[in-house]
Amino acid sequence: MSHTPLHDALNEYIKKDWARFHMPGHKGAPFGLFEQISAYDVTEVEGTDSLFEDDGPLADLEREYTRLYGTKGTMLSAGGSTLCIQTMLKLVGKPGAPIIAGRNIHTSAVNAMSLLDLRPVWLYPNREGESLIGRIKADSVEQALCAHPDACAVYLTCPDYFGVCSDIAAISAICKSHGVALLVDNAHGAHLKFLSKECCPHPLHPMDLGADLCCDSLHKTLPVFTGGALLHCNREEYVQNAKRDMTVFGSTSPNYLIMLSADYTAGWLQEEGPALLSQTALRCERLRELARNQGFRVADGLCDPMRITLILTGTGYSREAFRRHLRRFGIMEEFLSENGCVLLCSPFNREEDYRRLTQMILHAKPQNSESSPYPMFCPCAELTLREAMFAPWETIPIEDAGGRIAAEVQSPCPPGIPLIMPGEKICKDYIKILKNYGISFIRVVQ
């Protein structure tokens with residue numbers, strides 16, 4: 001294994017057999033399920049470094065990730081991409097400023113925008129006939145920036161939950177021409193940097209396409225414990241300020257086991273990782289082709305090569321019917337709705353996993369039927385995000401919500417486009433759609 005600075009430092013700490021009169025309370029004693037790892041669960045003491053003031057092994061680890069991703073600076077997060085998203089918005093945000101943002105946004109970004117009093121100008125993806133979410137077009141970004149020259153940044157999600165990618169290179173060029181920073185939520189794309197040209201002919205990682213700030217959730221596709229993420233910076237001024245802004249939102253007790261798994265993965269990415277990731281991506285393409293031959297439509301165009309998204313609209317499968325089909329073959333999916341099924345693969349899936357997936361596809365019987373694509377509409381904002389999120393609220397039945405102002409995000413398809421944002425008026429026409437997606441109650445401004 002290549003140099004793993006945090007692992008080396010923690011081994012040295014354990015070797016010295018300190019009397020641990022510090023956190024955490026288990027004192028590194030072996031117990032229960034955690035017998036092999038509890039000794040490595042430490043805190044910021046002499047020799048173990050401190051994440052937000054790092055000058056030892058954690059700083060070495062961040063320099064290694066900076067080299068691996070080819071950025072100006074990359075910072076480690078034990079608070080997931082949520083912490084990275086909060087930090088990105090803090091780095092560029094000015095209270096009351098507009099920010100151009102794709103509507104296919106994660107709830108954590110909406111919450112951070114409300115805390116920072118940013119005023120999103122929503123861009124809606126263009127489906128181009130797709131029944132899933134679609135892409136943010138470069139000309140939509142251009143038009144929004146022309147209409148809002150005081151925007152503090154452009155914020156996009158790429159790839160989205162279904163693996164669909166927008167043209168980040170073209171959008172980056174537009175942002176640079178307007179002198180505006182481009183922020184990309186790449187939580188699902190940490191692996192994109194390491195795919196071979198055979199399975200990924202053109203760069204897909206936002207840092208290679210001109211983004212100024214970007215987050216990666218390492219744990220989604222790489223062998224990192226849940227909560228491990230990276231914040232990438234391509235501008236020096238962001239590198240200088242990122243750690244300070246991370247402390248505004250991040251825990252002062254970051255989990256060392258999460259960071260240790262990120263340390264291991266940095267070594268893995270220097271050795272066999274890229275080849276194994278590329279092999280997995282090629283295997284996914286063969287499975288997507290099998291699904292096409294079986295009659296499924298899959299997410300196509302510019303997409304994450306290491307994800308299998310089966311479009312269910314127009315197949316005759318309901319969510320419940322396809323769930324039963326998956327369970328028949330012992331498969332637990334990442335996400336399933338009436339519109340689609342998302343299956344995440346990694347180099348650590350077993351051969352048995354792929355055998356089951358192959359059989360599941362071969363035994364599926366998609367049919368041509370009328371489809372009802374995920375609805376998109378443009379509610380009118382009556383209050384800002386911050387005003388709505390901090391206003392007195394009440395929870396009411398969805399049937400009674402016509403004409404009221406939402407006090408929360410309502411996204412029946414959490415990775416998709418939220419139907420209602422805080423501060424938006426709930427029109428009566430939307431109520432039936434919200435009910436169809438299982439929403440029975442909603443929080444509204446009093």
Side-chain angles (χ1 to χ4, degrees), residues 104 125-135 158-166 188-189 191-192 195 198-201 204 220-221 277-347 349-376 412-417 436-437:
N104 55 339
N126 183 337
R127 279 203 182 103
E128 293 186 336
E130 297 176 22
S131 60
L132 290 176
I133 299 306
R135 296 175 171 84
C158 182
D160 67 13
Y161 200 74
F162 300 102
V164 175
C165 297
S166 298
H188 287 272
H191 59 289
L192 295 176
L195 299 179
E198 182 183 3
C199 59
C200 188
L204 282 179
K220 286 182 167 63
T221 54
L277 288 165
S278 297
Q279 290 171 19
T280 303
L282 292 171
R283 191 164 200 170
C284 285
E285 177 51 36
R286 292 193 294 271
L287 286 164
R288 284 191 294 270
E289 186 60 30
L290 181 66
R292 291 187 191 98
N293 293 338
Q294 196 65 16
F296 282 105
R297 287 181 300 133
V298 300
D300 54 16
L302 201 62
C303 287
D304 173 8
M306 214 171 75
R307 181 172 301 232
I308 300 170
T309 298
L310 304 177
I311 299 172
L312 296 184
T313 48
T315 64
Y317 277 111
S318 66
R319 176 184 182 276
E320 182 57 28
F322 202 71
R323 186 191 72 80
R324 290 195 300 268
H325 183 65
L326 291 166
R327 299 299 180 268
R328 176 186 169 194
F329 295 92
I331 292 173
M332 182 62 67
E333 73 287 347
E334 167 68 19
F335 172 77
L336 180 62
S337 74
E338 298 291 331
N339 299 95
C341 177
V342 177
L343 302 156
L344 300 189
C345 302
S346 95
N349 277 109
R350 306 166 299 173
E351 282 300 315
E352 171 65 12
D353 297 340
Y354 287 113
R355 187 195 68 78
R356 294 183 192 181
L357 182 53
T358 300
Q359 290 301 308
M360 184 278 291
I361 294 172
L362 287 173
H363 285 83
K365 295 180 174 59
Q367 301 171 357
N368 290 325
S369 63
E370 290 186 9
S371 61
S372 299
Y374 187 91
M376 285 195 285
C413 176
I417 299 177
N436 287 343
Y437 278 87

Subject >> Pro347 backbone acceptor or donor facing Arg283 side chain under 3.5 Å >> reply: no
Original post:
Arg135 side chain to Cys165 main-chain N or O, any donor-acceptor pair under 3.5 Å?
Top reply: yes
Original post:
Within the side chain of Arg292, is there an N or O that forms a donor-acceptor pair under 3.5 Å with the backbone of Phe296?
Top reply: no
**OP:** Would you check if the side chain of Asn293 reaches a backbone N or O of Leu290 as a donor-acceptor pair within less than 3.5 Å?
**Re:** no
Original post:
Between His325 and Phe329, what is the ring plane arrangement, given parallel below 30°, perpendicular above 60°, and tilted in between?
Top reply: perpendicular
**OP:** List in chain and number order the residues that pass ring pair (Phe, Tyr, Trp, His ring centres under 6.0 Å) with Tyr354, two or more places apart in sequence or in another chain; answer none if no residue qualifies.
**Re:** none
Original post:
Can any side-chain N or O of Arg328 pair as donor or acceptor with the backbone N or O of Met360 at less than 3.5 Å?
Top reply: no
Original post:
Hey, is CD on Glu352 packed in by over 12 heavy atoms from elsewhere, all under 6.0 Å?
Top reply: yes
Original post:
What distance separates Arg355 CZ from Gln359 CD, expressed to the nearest 0.5 Å?
Top reply: 6.0 Å
Original post:
Can you tell me how far CG of Leu336 sits from CG of Leu312, rounded to the nearest 0.5 angstrom?
Top reply: 6.5 Å
**OP:** Could you tell me whether a side-chain N or O of Gln294 sits under 3.5 Å from a main-chain N or O of Leu362, the two making a donor and an acceptor?
**Re:** yes
Original post:
Arg288 side chain to Pro305 main-chain N or O, any donor-acceptor pair under 3.5 Å?
Top reply: yes
**OP:** Identify the heavy atoms of Leu344 and Asn349 that sit nearest to each other, and give their distance.
**Re:** O-OD1, 4.0 Å
